[in-house]
Amino acid sequence: MTLKEALETKIDDWRPRTTRLLKEFGDVKVSDVSISQAIGGARGVRCLVTDISYLDPNEGIRFRGHTIPETLAMLPKVPGKEMPFVEGHIYLLLTGQVPTEDDVADLVEDLKRRRGVPGYVFDMLRAMPLDTHPMTLFSAGILAMQRESAYVEAYNEGLGKMDHWQPTLEDALNLWARLPELGAFIYRLKYKGDTPIAPDPDLDLGGDFAHMMGIDDPYDDVARLYFILHSDHESGNVSAHAGHLVASALSDVYYATSAMIDGLAGPLHGLANQEVLRWIQGVMDKMGGVVPTEEKMKEFVWDTLNSGQVVPGFGHAVLRKTDPRYAEQRNFCLKHLPDDPIFKYVDVLYKVVPPILEEQGKAKNPWPNVDAQSGVIQWHYGLQEYDFYTVLFGIGRSLGVLSNIVWDRALGYPIERPKSLTTAMLEEIAGV
Ligand code: NMX
Ligand code: MLT
């Protein structure tokens with residue numbers, strides 16, 4: 001069964017569940033909203049629906065019901081490699097089914113056929129100032145491809161609502177096939193004197209990305225792990241929500257993906273992974289490259305807090321334990337780069353930051369998130385231009401965001417439009 005056929009069966013089975021909930025139980029309450037939630041970023045308000053992943057505060061993310069170690073263990077592996085095919089993870093996110101080796105092989109071939117970023121995108125990026133942030137280049141490159149949208153074409157021809165998911169899937173597959181090339185092009189344009197490396201038709205998505213970046217094995221496995229770990233984090237995080245929100249207006253996935261990248265570019269969200277490396281570099285400079293003692297590191301952490309900044313890579317809006325994505329990358333470091341000097345810094349931070357954040361008493365979660373550990377691996381394998389790191393996050397995050405948009409269309413989710421109130425109204429509700 002092709003990916004599209006498997007997905008069609010799933011969608012047909014799923015639709016009656018959503019319809020029934022809406023028709024028979026539409027008035028059942030799932031959440032109340034307090035004043036602190038209305039002012040405070042809707043934290044904890046349960047008002048989004050997705051079946052692609054779920055984030056338990058104490059356990060962390062499950063992709064289609066599977067923990068990270070389960071996901072990595074059950075997906076078909078690239079022959080001779082430690083990590084699974086990213087394409088297999090796409091299949092899992094979209095269908096909820098663990099793909100067979102044949103399913104994965106079909107999708108790998110399908111995505112290969114869809115490769116090829118249009119030349120006008122490269123021309124546009126070359127015309128932009130070289131000091132433009134890579135996330136700006138990435139978002140602009142995605143947006144420039146919007147004219148390729150199959151969804152817009154079908155919509156303009158009068159596409160029926162039940163069929164909206166089909167050209168959306170088409171757009172998503174095209175974009176997934178092209179984002180690694182776009183990302184690698186930006187990397188080599190900005191940091192390697194505009195020396196792009198052409199895609200290799202024999203390689204899978206993760207392998208081809210490493211090849212186009214010009215970084216040797218095992219960076220291919222690093223890329224596969226990175227894209228899978230960053231793929232989805234349920235729907236309320238800024239990037240996923242931005243993508244969903246924009247797509248809810250029936251904007252195509254090019255618009256939605258560009259918007260989700262823009263949200264990811266904030267330092268409280270995806271950009272934190274570059275901030276972690278920037279922060280550690282600052283500490284290294286002050287220490288002359290010597291790994292600080294725990295006491296010395298505590299001083300740096302307090303200095304950061306006392307100057308009014310957050311400690312990047314720590315805390316989370318939902319999680320209340322160490323992020324399992326952090327733990328998975330830590331295991332990778334312990335296995336492959338235990339003596340890396342930056343890993344040693346990260347390790348000292350793991351020991352000293354949580355008790356300090358607890359002592360300070362502000363952060364609800366003192367534990368590390370995914371961003372505290374991801375940069376060190378990139379740095380170790382030669383990708384030391386840390387303002388590029390969030391582009392990697394963006395390629396990974398597209399897997400989940402676009403899978404969600406395909407399902408949003410399949411289930412006919414409406415345009416998103418929460419209601420706002422004025423401060424005076426809140427005061428009236430509060431009785432002040
Ligand atoms: N360092 C210092 N203060 C912190 C931290 C931190 N790492 N985390 C939270 N706080 C503060 C926060 O700024 C807030 O202070 P104030 O009351 O003065 O505004 C207070 O603790 C309460 O915040 P929380 O409710 O714990 O966190 P919230 O849900 O608002 O924000 C983050 C979540 C992730 C934005 C926040 O923990 C943070 O800024 N962390 C550092 C940046 C980071 O690592 N972001 C990456 C998140 C993962 N990702 O990839 O997206
Ligand atoms: C994410 O992966 O999106 C981040 O951990 C932020 C979040 O879930 O809020």
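Counting starts at 1 for both ligands and their atoms, in listed order.
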Exercise for review: Identify which one of K192, K190, Q274 satisfies the side chain to side chain contact (heavy atoms under 4.5 Å, CB included) criterion when paired with E385.
Suggested key: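 Passing option: K192.
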
Review point. What do you reckon, does R397 put a non-hydrogen atom under 4.0 Å from ligand 2?
Key: yes

Check your understanding: Could a heavy atom of H230 be found less than 4.0 Å from some atom of ligand 2?
Key -> no

Exercise for review: Report the nearest protein non-hydrogen atom to atom 45 (N) of ligand 1: residue, atom name, distance rounded to 0.1 Å.
Suggested key: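 Sorting protein heavy atoms by distance from atom 45 (N) of ligand 1 puts L268 O, 2.8 Å first.
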
Check your understanding: In the protein, what heavy atom is nearest to atom 48 (C) of ligand 1, and what distance, to one decimal place, separates them?
Key ->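 Looking at atom 48 (C) of ligand 1, the protein heavy atom closest to it is D371 OD2, 3.5 Å.
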
Practice item. Is it possible for you to check whether R409 lies under 6.0 Å from the centre of the six-membered ring of Y151, through NZ or CZ, and within 45° of that ring's axis? Key: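 Because its charged atom sits under 6.0 Å from the ring centre and within 45° of the axis, R409 does stack over Y151.
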
**Study point:** Part of H316 with heavy atoms under 4.0 Å of ligand 2, whether side chain, backbone, both or neither
**Key:** side chain

Review point. If you measure from each non-hydrogen atom of H241 to ligand 2, which part falls under 4.0 Å: side chain, backbone, both or neither?
Key: neither

Mind checking whether [X] and [Y] have ring centres under 6.0 Å apart?
X    : Y    : result
Y226 : H230 : yes
H316 : H233 : yes
F63  : Y54  : no

**Study point:** Over 12 non-hydrogen atoms of neighbours within 6.0 angstrom of CD in E428
**Key:**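 Counting neighbours around CD of E428, 12 or fewer heavy atoms of other residues, nucleotides or ligands fall under 6.0 Å, so no.
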
Check your understanding: Less than 4.0 Å between atom 6 (C) of ligand 1 and some protein heavy atom, yes or no?
Key -> yes

Check your understanding: For ligand 1, does R43 get within less than 4.0 Å through its side chain, its backbone, both, or neither, judged by non-hydrogen atoms?
Key -> side chain

